[in-house]
Amino acid sequence: MKKLIIIFISMLFIACNTSESAKTIIEEKVILLEDSLIEKTLDLDTISLDQDSLLKFEKDSVRKAYENDLSLEIKEIEEEKTDPISEECKFFLEDYATSISSFSSLLESIDQNPENINLIIARSSQEEQMYAYTSNPQMFQCIQNEAFQKQVDILNNKRDKLISK
């Protein structure tokens, strides 16, 4: 019986020591698990920031391409999503773009045939028509819209580039 009691006490002693080390191991694993969760969360935040930056970069590059394109085609810009341009104002923009295009074509014709007096005479009237858009009453109505104002700025920059060729 003494042997049984000694074996029982030694097993109890071993069991107590094992639970202490098991408890320590479990606590360490929980801490490691929490750290890895925090790292994963940080990684996900970094990834989403990178995706936002990439998306912003793509939007900026599309915008730059639109601003540098001299085709005078009116395309939707980011500002129109929050403050859409009315149909009347869109038509006004298209008319203004057409006027710029006509004037640019006339300038090219004059460069090809500088002796043609009719082209030179037509230049001043078309130039007046093109610049008259800036003082048009409809321009003052539409310019209150931020997207419209940005579109006009883009068209004016394109106009200046086309004329200075």
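Sequential numbering from 1 along the given sequence is applied to the chain's residues. The figures that follow rest on heavy atoms only: side chains count, while hydrogens, waters and symmetry mates do not.
- With rounding to the nearest 0.5 Å, the separation of CZ in F140 from CD1 in I143 is 8.5 Å.
- Using a distance-only test at 3.5 Å, with no hydrogens or angles considered, no donor-acceptor pair links the side chain of E76 to the main chain of P84.
- Side-chain atoms of S109 come within 3.5 Å of backbone atoms of S105 as a donor-acceptor pair (strictly under, hydrogens ignored).
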Start with the C-alpha gap between L106 and M130, add the side-chain angles, then the distance that decides, and say whether side chain to side chain contact (heavy atoms under 4.5 Å, CB included) holds. CA-CA 12 Å; L106 179 65; M130 181 181 63; over 6 Å; no
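- Nearest approach of Q144 to Q141, heavy atoms of both residues: CG-O, 3.7 Å.
- Sorted by first and then second residue, the side chain to side chain donor-acceptor pair (under 3.5 Å) pairs with a member in residues 122-131 form an empty list; sequence neighbours excluded.
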Could you go through the side chain to side chain donor-acceptor pair (under 3.5 Å) check for E80 and Q151 one step at a time? CA-CA 10 Å; E80 288 183 62; Q151 287 282 21; 3.0 Å; yes
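- Remark: S86 pairs with E88, C89 by the side-chain contact (heavy atoms from CB on, under 4.5 Å) rule, at least two apart or across chains.
- For the residue pair I77 and I154, the shortest heavy atom distance occurs at CG2-CD1, 4.3 Å.
- Under the ring pair (Phe, Tyr, Trp, His ring centres under 6.0 Å) criterion, the residue pairs touching residues 94-120 are Y96-Y133, with sequence neighbours excluded.
- The backbone N or O of E94 sits less than 3.5 Å from a side-chain atom of T98, completing a donor-acceptor pair.
- When the side-chain contact (heavy atoms from CB on, under 4.5 Å) test is applied to N157, no partner is found at least two apart in sequence or on another chain.
- To the nearest 0.5 Å, the span separating OG on S101 from CD on E73 amounts to 12.0 Å.
- Partners of N113 under the side chain to side chain donor-acceptor pair (under 3.5 Å) rule, at least two apart in sequence or in another chain, do not exist in this structure.
- Under the 4.5 Å side-chain heavy-atom criterion for Ile, Leu, Val, Met, Phe, Trp and Tyr, I110 and I163 are members of distinct hydrophobic clusters.
- With values rounded to the nearest 0.5 angstrom, N156 atom CG is found 6.5 Å from D160 atom CG.
- Evaluation of the side-chain contact (heavy atoms from CB on, under 4.5 Å) rule for A97 yields L72, I74, L155 as partners, not counting sequence neighbours.
- With F148 as the partner, the side chain to side chain contact (heavy atoms under 4.5 Å, CB included) test is satisfied by one option alone out of L93, D153, D83: L93.
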